[in-house]
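Model, not experiment: these values are computed from the prediction. So that the names make sense, note that chain A is the first sequence line, chain B the second, and so on, each numbered from 1.
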Amino acid sequence: MSRWMRLGLPVAAVVLALVFSGVVATLVLLFTGDDVVGFWRVLFTWPSERDLVDIINMTAILYLSGAAAAIGFRMNLFNIGVEGQYRLAGLFAGAFAAQGLLPGKLNVAAAILVAMAVGALWAGIAGVLRVWRGVSEVISTIMLNAIAGSLIGFLLVKWGESTGNARNTKMMPEDSWTGFFRLFPDVSDGAYHLSLLAPLVGIAFFILVYYTRFGFDLRAAGASESAAVSSGVSVKKMIVVSMLLSGAVAGLIGVPMMFSEAHQYGSAFQTGLGFTGIAVALLGRNHPMGIAFGALIFAFLGQQANLLNILAGVSPDIVNMTQGIIVLSVVIAFEVIRRLATRIEQRQVATQLDAERQGDTALKGASA
Amino acid sequence: MSAPVASTAPVTTPSSQWQRRLRVRNLTLIAIVGFALLSLVRVITGAQELTSAGTIQAALTSSIPIAMAGLGGLWSERAGIVNIGLEGMMILGTFGAGYFGYHYGSIAGILGAIVLGMIGGLLHGIATVYFGVDHIVSGVAINIIALGAAGFLAETYFTGLEGGGPTQSPPLPAPMTINVDFLDNPLASIEAKQWFFVSDFAGLLRVFVNDLPVLTILCLALFVLTFWVLWRTKFGLRLRSCGEEPAAAESLGVNVYNYKMIAVVISGGLSGLGGAFLAMVASSGFQVGQTGGRGYIGLAAMIFGNWRPGGLLLGSGLFGYTQALPLRREATVSIHALLLLVAILLLLVAAYQLWRKNTLQAVSGAVFGAAFLVWYLSTDVVPSDFTKMAPYVTTLLVLALASQRLRMPKADGLVYRRGSAG
Amino acid sequence: GKTSSEKDNNASGSSSVDVCKGSKGEPKVGVAYDVGGRGDQSFNDSAYRGLEKAVKDLGASCIEAKATTSDNDSIREQRLQTLADQGFNPVIAVGFLYSPAAAKVAKANPNTNFAVIDGYSTTIATDAKNLSDLVFAENEGSYLVGVAAALTSKSKHVGFIGGTHGDLIKKFEAGYVAGVKSIDPKIKIDIQYLTEDPSDAATGFENPAGGKQAATAMYQGGADVVYHAAGKSGLGLFEAAVAAGEGKWAIGVDSDQYLTAAKDQQPHILTSMLKRIDTAVFEFVTAFKEGKVQSGFVNYDLKVDGVGYSTSGGFVDPIKAQIDAAADKIKSGEVKVPEKP
Amino acid sequence: MTKDLQAVPAIELRGIGKRFPGVIANHDIDITITSGTIHALVGENGAGKSTLMKILYGVQKPDSGTIAVNGHQVSLSSPSDAIAIGVGMVFQHFMLADNFTVLENVVLGAEKIAGIGDDARNRIRQISDDYGFDLDPDDLVEDLGVGERQRVEILKVLYRGAKIIILDEPTAVLVPQEVDALFDNLRELKDQGHTLIFISHKLDEVLSVADDITVIRKGTTVASVKPAEVNARQLAELMVGSVLPSPSTEGSTVTDKVLLEVIDLELDDATGRPELVDIDFAIHAGEILGIAGVEGNGQTELVETIIGMRRQARGTIMLAGEEISEWSTRRRRETGVGYIPEDRHRHGLLLDAPLWENRILGHQTRPPSVKGPFLNPPGAKADTGRIVSAYDVRTPGITTTARALSGGNQQKFIVGREMSSDPILLIASHPTRGVDVGAQAAIWGHIKRARKAGLAVLLISADLDELIGLSDTIKVILRGKLVATFDPQSVTPQQLGSAMTGADAISEERS
Ligand SMILES: Nc1ncnc2c1ncn2[C@@H]1O[C@H](COP(=O)(O)OP(=O)(O)OP(=O)(O)O)[C@@H](O)[C@H]1O
Ligand SMILES: Nc1ncnc2c1ncn2[C@@H]1O[C@H](COP(=O)(O)OP(=O)(O)OP(=O)(O)O)[C@@H](O)[C@H]1O
Ligand SMILES: [Mg+2]
Ligand SMILES: [Mg+2]
């Protein structure tokens, strides 16, 4: 298959899926008698500089979440627990940073490690239950999410402190606050310093998966567990390790925003990112580059959706629904082109073999 | 993501004997023994709420939506389609109940819920059966779509209605309930005696003579019906064959795609019915976010029940019970009493494993059992902060104990393409 | 959508008429709701009623924006900022979650006035002149309904259902418990929160099924008056009271829930703890119109009728005197109602 | 057999054509099958036999041509259509649901005949008794052996009252004695008026049982012969148009150096049941040890234990003087164990990955695939190129996915890969299964060459000719035990077959 097709087909598929989803959304809006024009106008208005900053930040955060889910997917593990992992990790990182045990940015670095460790640990429970007791990680991570929620509540009540009606961890020392990269002179905030974690994770993910022995084992085990086992991969180890990695990356999700904005864990800490990350990973086909694309689309749509009911009187839920349709139609489109590509490739193989065989027969015919 | 089987089910393949052992009679036995143990714990600990009629009623109410989602999962997974979209189909069901129930009465609400759930199932079926999309991916997408759609439609159709709003339907008419008044009082007096087992059983019976919603009966009847259809009819045999060995089924003239589609659409309808129960019986109206993950728990209950209706019923009962108990009075005491139950169960398992000469399992069972016993003896209550974790911790514990005995349909989660026979 | 405005005419509940659609005039009030949104029949609806009054009495116009469970500070900021950008002034944010966002946006938009219901934003932007936190003495209001509960209970057994187990709702609990105990320290009080997860609004505040189960358990256990501070989950309490039958009472919260309850529920709604968000909103808009906005914390306590109890249905008429006496003691400072349980 | 029946052929296929994307599986097929006969189809791998039969059974629709059954033209759009007119098919691979009982497997799709209850059960017992199948309708299929499963397949067809029965390579997994029993069944069926279509690669079988033989080459019918008129060699030449190669042992290259030594090896399954009992053997450098056995007697388990995928309960495995019993699979492979798995799709390849990534599989810790902890794509690609040309893997390039290759080419690639890092031990399970004659000869050549260079080979095969032709020693495995040792120079397939079934006595009774 030509290089052009290899790259072109997926892009075409995504575009087609996006268009299709847009059509469905339009039809729904027409059916309910909503303001279709307003909907599209709001969606396609170029975001303000301030909104662009938000989109960039959200892209970084969703990237982390998508990457966390994707690491599991790569190993055929369905880590629904990203949600619980990053919340718990955020709590511990916030609480740790608030102690100010280390000076300045060292404290930040240590808190990041704490976040990764807690995320990994929480995910690791599911991994260990899977290899040790055969408990499906789909179920165990759902349970662990719920348990994490209660646990967070308990810990906050027990050791947190109150600000107004909100309950938070202690504010971290100011020298541990991270700032913003100012992107526009007129916008006071910019990209969170720690949003750099996203490209770092992306690069690490890319190298790990595609350029290391470990990554090869991971992909092999994900593509065919039986083949991987025969090739010497210890699937149990891979399950636990990829769960730990997935959890460690999940632990990072809440970190950029917390260190740049709230400087504490509490009511401002955003929830629901773990679930969005799953969709982002699926949209990006679990590929480091694809996830970036998926994160951008979701961040953009999320940001614009927030304006919908103010500017067009349309419920932002229509955008949530459309996001789901995008995911479904993109995977359908990918499946269709995958079949198409396989067919094209097999045809090529067959043509070549035929040509060779014909050559053989011709030779034999000549010699006979 | 080509082989989701590995991710949704235990890897082990136990002997076929376990299959046959887990049949109806044994399940009944398990249920009775479990209930007796519970009664024993109640007597020992004095935590009366453990088996009060109220608790059992609440547990039943909590169980039914889970059970219906699980039954939906059972239908679709028996035909080989993993359905993690149950949650979404249930959400569609709650909306359907809200919309049709408000406008056209409770029967229409139930039917509407079923139909909307079926639409979710249809979508899942088209994606997985015809397009060969990974089952879990499709299920996740359907959950997102359903959540968004229900929110959007609710805002569109319920805003401005009396008692309704952008995130909720107006109050819905309550579906019928059944009362057998003359039995209630005698049963209540027996229950009040606090005798071992007898009183508990009377409490259990009271649930069925006291404001028993007709919908509950219907849902329970569906279990019997499911068992009969799937295991006793030609249709069921064909449907199950699609989940075990679709190529063989196709080679014998079974239209695999059709059966898978039918199964997954029925699956959606059942989840939708679970949604209707939530919106109309468990509360009296549609709410955004009302399902609260019950679809997922239904899936867990189904796995726990080894892909069989009886086991599923047991599993749903367990989850419903552990969900209901923390909302009862003196939950901190009741949940504390459960520690004793867990300890007893673990020690029993340990003894059984010892008898089977599985030393490692026996030892780990005994260690955990002893730990729970110590926990029970050294405390008086479980802090309320932890009672809400009970259903989830129980699920994990139970699955950790039971997962390796489970056997899912062989082709569950695998994409089947027409013409693969031979 | 369009459908909602079409149905405006035949809707009778005051909370459901869409007053912002088509409203024109000054001031242009922007409102950002908390999770749950308008239609919750308590918290958000109370804000809406204030808005409605402002439109009707002051000729104001308005726009509403809704929140989702997965909002973050940036999204909230964007919401408030967009309202300001659209020329809305003042902008009212409902719910303390808006505090950090409002603090930021207020600084960036010095010419727009912002208010946060239940907020603590002015502890963040301490010197902002255009920022107000409208806060309530929920504990005092809860104390009064606690008194009502204690006086009404025949079984000497009452209950409280909270949404999420956070500081705000604990304030309700504390006041209620103190009120009950002030009448009879021996009264048994069942306390139940629907979730321990502070972020799980769905289980805490949007879960009538859970509210119903918790309430049913309390009624079955002998409680005969149950008070809720659980948003929409409280609707389950009313259903449970109906199912529990004659002599079982429920107490509403935030708004006068007797008015929005179904007919069969009304005979069971003893009273409601009023948290006059409507008053606060209306007064804030009025003050804005008159150019007399007070920045910083604005306290709505019993003294200024910021909290109270409702008398619809007339069930508390026989004990009104005692409740009012308790209120007087609080106003006079003789009784100090605790904020924490 | 009446004259009338013979006058109307059971099946007439005229001008059948079928193409798949890029492949012409069938074209201009013309076959006439006389009623009440056993008609054999022979042809190379991929010649289009199975495709043709699937067309006849309604699984696939032909692009062109006509089918007439008993003189009536038919159009078959699904297996039900075929079943309805009395055509039944036993597929190349078992089509049985393991978790169903025999009864459920049989009645599936044919519930109309006798329901799914006791009537059906009796009917199955009846058929089972009539043909001596010895099957209990309530047994779970997963508890049955290969031979029994084969009989369930035939029972399925008979249950539906099929008069025309297609058997696609029914003997591939059977030992000689089972084959004989099967043929007895077939002849009995023929005597009762059934028409049988029979596909096999084993030409002597074909010659012994068939009444007519049709040869298919490259998708079309090239000859129709009577068994009396041809011998196996001529038949093979018709199939391939070239001379039939066969493995012939050359001079022994066995040395004194023991490379693999297995001592008292035992393996238990999850429930503690023994799967391997008391296994003892040694393989020297330059030696090929062949293991013969009926499928399912522990071959797979033996291989998986030696490669480290399963852990022995007792016993020792020594490789080149070192004990490796507790080593991981990876470590064993690093030490120089090559592995040609019996199921290449499940254990040998990442089907959707390009060939060069498949080159890395199983060698992901060794050069040229890796450098330190990193992959070395250029190295892997270069070596893939070498394998493709050295082993004559027919592929457009090394970035082609493994799935796109035909089975034979996939197998050649695997052999090339496993030979590439100079293994000291090669474990070869069915190295030429499903591979056509040309490729088969090439693979044998490679194995022999490596042996000469001092490689030790553990060869598992169902093809007794292959075992006899390649091995220096043959051991027979039965129910997890090594029960006999033969010298390939002197042993006959019949002797091997007897040992494999553990029933020398029985085979004598029969003959
Ligand atoms: N479903 C399919 N899609 C694409 N190509 C196919 C399909 N089935 C078969 N083919 C092609 O048709 C050719 C004939 O295949 P078929 O299975 O009929 O061969 P066969 O004669 O039965 O070979 P064997 O002896 O290996 O069983 C194969 O080479 C293959 O390329
Ligand atoms: N069911 C199928 N769907 C799609 N392609 C198929 C199918 N079956 C076979 N093919 C394709 O047909 C080609 C050859 O298949 P096949 O493995 O039957 O070839 P073969 O030469 O007969 O090999 P073998 O010797 O293993 O039978 C390959 O390109 C394969 O991918
Ligand atoms: Mg083939
Ligand atoms: Mg074939």
**Study point:** B:Arg328 CZ to C:Thr216 OG1 distance, which is reported to the nearest 0.5 Å
**Key:** 7.5 Å
Point to revise | Under 4.5 Å from any heavy atom of chain C - which part of B:Pro170 | key: neither
Check your understanding: Among residues 316-324 of chain B, which residues come closer than 4.5 Å to chain C, judged by heavy atom distances?
Key -> B:Ala324
Check your understanding: Given side chains that start at C-beta, do those of B:Met389 and C:Glu196 come closer than 4.5 Å, heavy atoms only?
Key -> no
Exercise for review: Check whether the side chains of C:Gln192 and B:Arg329 place a donor and an acceptor atom closer than 3.5 Å, and report yes or no.
Suggested key: no
Practice item. With a 4.5 angstrom heavy-atom cut-off, could you sort out which part of C:Leu194 is near chain B: side chain, backbone, both or neither? Key: both
Point to revise | Exceeds 12 heavy-atom contacts within 6.0 angstrom, atom CZ of B:Phe201 | key: no
Check your understanding: For C:Asp190 and B:Glu330, what are the C-alpha separation, side-chain angles and deciding distance, and is it a side chain to side chain contact (heavy atoms under 4.5 Å, CB included)?
Key -> CA-CA 8 Å; C:Asp190 290 338; B:Glu330 290 162 7; over 6 Å; no
Review point. Between the side chain of B:Gln287 and the main-chain N/O of C:Ala202, is any donor-acceptor distance below 3.5 Å?
Key: no
**Study point:** Gap between atom OG1 of B:Thr167 and atom NZ of C:Lys232 - 0.5 Å precision
**Key:** 2.0 Å
Revision key, fill the gap. Taking a cut-off of under 4.5 angstrom between non-hydrogen atoms, the residues of residues 206-215 of chain C near chain B are C:Glu206, C:Pro208, C:Ala209, C:Gly210, C:Lys212, C:Gln213, C:Ala214
Point to revise | Spatial distance of atom NZ (B:Lys388) from atom CG (C:Asp200) [nearest 0.5 Å] | key: 11.5 Å
Practice item. Give, as side chain, backbone, both or neither, the part of B:Ser52 having an atom under 4.5 angstrom from any heavy atom of chain C. Key: neither
Point to revise | Options B:Gly289, B:Pro166, B:Ala331, ranked by heavy-atom pairs under 4.5 Å with chain C, top entry | key: B:Pro166
Check your understanding: Contact part of B:Glu49 toward chain C, heavy-atom cut-off under 4.5 Å: side chain, backbone, both or neither?
Key -> neither
